Number of protein chains: 2
Amino acid sequence: MGSTMPPPAQVRRLRRRLAELEREVAFSLSDQTSCCGVTAAQCHLLLEIEERGQSSLGELAAALELDPSTLSRTVDALVAAGLVSRAVEAGNRRRQAIGLSPTGLERVECINDTCDAYYSRLLDSMPEEKREAALDALSILAEAMRLFRKGGGNSCCENPQRRPS
Amino acid sequence: MGSTMPPPAQVRRLRRRLAELEREVAFSLSDQTSCCGVTAAQCHLLLEIEERGQSSLGELAAALELDPSTLSRTVDALVAAGLVSRAVEAGNRRRQAIGLSPTGLERVECINDTCDAYYSRLLDSMPEEKREAALDALSILAEAMRLFRKGGGNSCCENPQRRPS
DNA sequence: GACAACACTTGTGGTTTGCAACTATTGTAT
DNA sequence: ATACAATAGTTGCAAACCACAAGTGTTGTC
């Protein structure tokens, strides 16, 4: 725990800025992926496959923290698009080896080029001495949030009322 | 433009950390809103109404950068839930005055309490001297991305191929 | 008074997601 | 070795979220 309570104004600023950043990230992501002919979810999956190389569906689902059913369908789409290969594993016929096809690899490179160019320009537009600080801050924030999530206890106001549905 | 090109490794780190943060923000948001009986989109809208107070649908759509049709339906849901009031404006019967109902105000306060508590704990878990730096970094990043978006020119690899659909 | 512009709604379709229930395969225990 | 449990993935269903196109009123303008 820190030594001093953060002032309310600071808390509000954090909320607001995270919300802004969230929106901007979503926008840039949809820009970058849509132009490469894949949707955002497909893009995330492609990049994850590139990084892990030949994984099973369950592993990918765990890595992306998505339901296996969701991933199954996304893989379907990418297989249909010819970007991803899917084959039953040799030693375990339950599992599937999911990997990038040659076309998929090309596409991932294309996505990487686009994203790298964008974020490179972005960093370039920032004062040089602030770049590392920004990376540092992002990493600290994400890590703290991750710990909180695992630790649970994000209880809420006692308003268990649900929408009429 | 900055004076030096950012190294590729730094670019990749930025990408990765923004992706991580994006996911964490989404998680925390769904935690905080679902427990208060509203969805994420409804929550964003409620907070926006609270901030602007009595706005028209078009103004809200512009502020949230959403299509008016999307917002119209979200307002429908919130009106049905009794959180938002909707009335034709006096001087202009095309426009609608959208505001928080008493219940909606309560709910917003509840959301604010939950979020404030969460982000307060979050800040508290960070070393005190890094807090302002983190806020600074978030704001710089969001601003840079916003400028890029407006400025356009986020061209992509020339891969105009679209999915089979 | 005709017509364009505005503000919003409705119809439609697509993406993303999760839960529950199912099939098929593998491991385990009796 | 057969019965049962655990694993891996798929499919049916439902919901949230979003945008484009087309529609309905309303207001301003010529």
Side-chain angles (χ1 to χ4, degrees), chain A residues 22-23 25-27 29-34 36-46 48 54-81 84-98 162-165, chain B residues 22-23 26-27 29-46 48 54-81 84-98 162-165:
Chain A
E22 186 193 11
R23 181 156 56 186
V25 168
F27 267 112
L29 193 106
S30 80
D31 267 8
Q32 291 152 13
T33 58
S34 75
C36 287
V38 289
T39 65
Q42 291 171 355
C43 173
H44 277 136
L45 178 52
L46 284 176
E48 193 66 36
Q54 282 281 329
S55 314
S56 76
L57 197 143
E59 286 168 357
L60 291 170
L64 295 169
E65 303 186 76
L66 291 173
D67 193 273
S69 67
T70 301
L71 225 79
S72 178
R73 282 182 250 256
T74 307
V75 169
D76 283 349
L78 289 177
V79 168
V84 154
S85 65
R86 188 199 233 158
V88 282
E89 268 187 22
N92 193 337
R93 281 216 294 264
R94 283 177 296 191
R95 312 177 89 228
Q96 301 199 340
I98 292 167
R162 45 186 70 263
R163 273 156 297 126
S165 147
Chain B
E22 187 194 11
R23 180 157 56 185
F27 268 112
L29 193 108
S30 80
D31 267 7
Q32 292 151 12
T33 57
S34 75
C35 87
C36 287
V38 290
T39 66
Q42 289 171 356
C43 173
H44 277 136
L45 178 52
L46 284 177
E48 193 67 35
Q54 282 281 331
S55 314
S56 75
L57 196 142
E59 284 167 358
L60 290 170
L64 295 170
E65 303 187 76
L66 291 173
D67 193 274
S69 67
T70 300
L71 224 79
S72 177
R73 282 182 250 257
T74 306
V75 169
D76 283 348
L78 289 176
V79 169
V84 153
S85 66
R86 189 199 232 157
V88 283
E89 266 186 24
N92 193 339
R93 282 216 294 262
R94 283 177 296 191
R95 313 177 91 229
Q96 302 199 338
I98 293 167
R162 47 185 68 260
R163 274 157 298 124
S165 148

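Naming convention: chains lettered A, B, ... in sequence-line order (proteins, then strands); numbering from 1 in each chain. Because the structure is predicted, anything quoted here is derived from the model rather than measured.
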- Task: Please lay out, stage by stage, how A:Ser56 and A:Ile98 fare under the test side chain to side chain contact (heavy atoms under 4.5 Å, CB included).
- Result: CA-CA 6 Å; A:Ser56 76; A:Ile98 292 167; over 6 Å; no

Applying side-chain hydrogen bond (donor to acceptor under 3.5 Å, both in side chains), name anything that partners [X], two or more places apart in sequence or on another chain.
{"X": "B:Glu48", "value": "none"}
{"X": "A:Ser85", "value": "none"}
{"X": "A:Gln96", "value": "A:Arg86"}

Can you tell me how far [atom2] of [N] sits from [atom1] of [X], to the nearest Å?
{"X": "A:Phe27", "N": "D:dC18", "atom1": "CZ", "atom2": "P", "value": "10 Å"}
{"X": "B:Leu60", "N": "D:dC18", "atom1": "CG", "atom2": "P", "value": "14 Å"}
{"X": "A:Leu78", "N": "C:dT15", "atom1": "CG", "atom2": "P", "value": "12 Å"}
{"X": "A:Glu89", "N": "D:dT7", "atom1": "CD", "atom2": "C1'", "value": "13 Å"}

- If you check the B:Leu66 side chain, which of D:dA19, D:dC17, C:dT16 turns out closest?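 Output: D:dA19.
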
- Task: Applying salt bridge (charged side-chain N to carboxylate O under 4.0 Å, His left out), name anything that partners B:Arg23, two or more places apart in sequence or on another chain.
- Result: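 Partners of B:Arg23 under the salt bridge (charged side-chain N to carboxylate O under 4.0 Å, His left out) test: A:Glu65.
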
- Query: Does any N or O in the side chain of B:Ser34 come within less than 3.5 Å of the main-chain N or O of B:Ser30, such that one atom is a donor and the other an acceptor?
  - Reply: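 Yes; at least one donor-acceptor contact below 3.5 Å.
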
- Task: May I ask you to decide whether A:Glu59 forms a salt bridge with A:Arg95, counting only side-chain N to carboxylate O separations under 4.0 Å?
- Result: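 Judged by the 4.0 Å cut-off on N to carboxylate O distance, A:Glu59 and A:Arg95 do form a salt bridge.
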
- Task: Calculate, to the nearest 0.5 Å, the distance between atoms CG and CD belonging to A:Leu29 and B:Glu22 respectively.
- Result: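 With rounding to 0.5 Å, CG (A:Leu29) is 6.0 Å from CD (B:Glu22).
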
Could you run down the sub-3.5 Å N/O contacts of the protein with nucleotides 8-12 of chain D?
unit_1: D:dG9; atom_1: OP1; unit_2: A:Leu57; atom_2: N; d: 3.2
unit_1: D:dG9; atom_1: OP1; unit_2: A:Gln96; atom_2: N; d: 3.2
unit_1: D:dG9; atom_1: OP2; unit_2: A:Gly58; atom_2: N; d: 2.7
unit_1: D:dT10; atom_1: OP1; unit_2: A:Arg86; atom_2: NH2; d: 3.0
unit_1: D:dT10; atom_1: OP2; unit_2: A:Ser72; atom_2: OG; d: 2.4
unit_1: D:dT10; atom_1: O5'; unit_2: A:Ser72; atom_2: OG; d: 3.4
unit_1: D:dG12; atom_1: O6; unit_2: A:Arg73; atom_2: NH2; d: 2.6

Scan nucleotides 3-5 of chain D against the protein and return all N/O pairs shorter than 3.5 Å with their distances rounded to 0.1 Å.
none

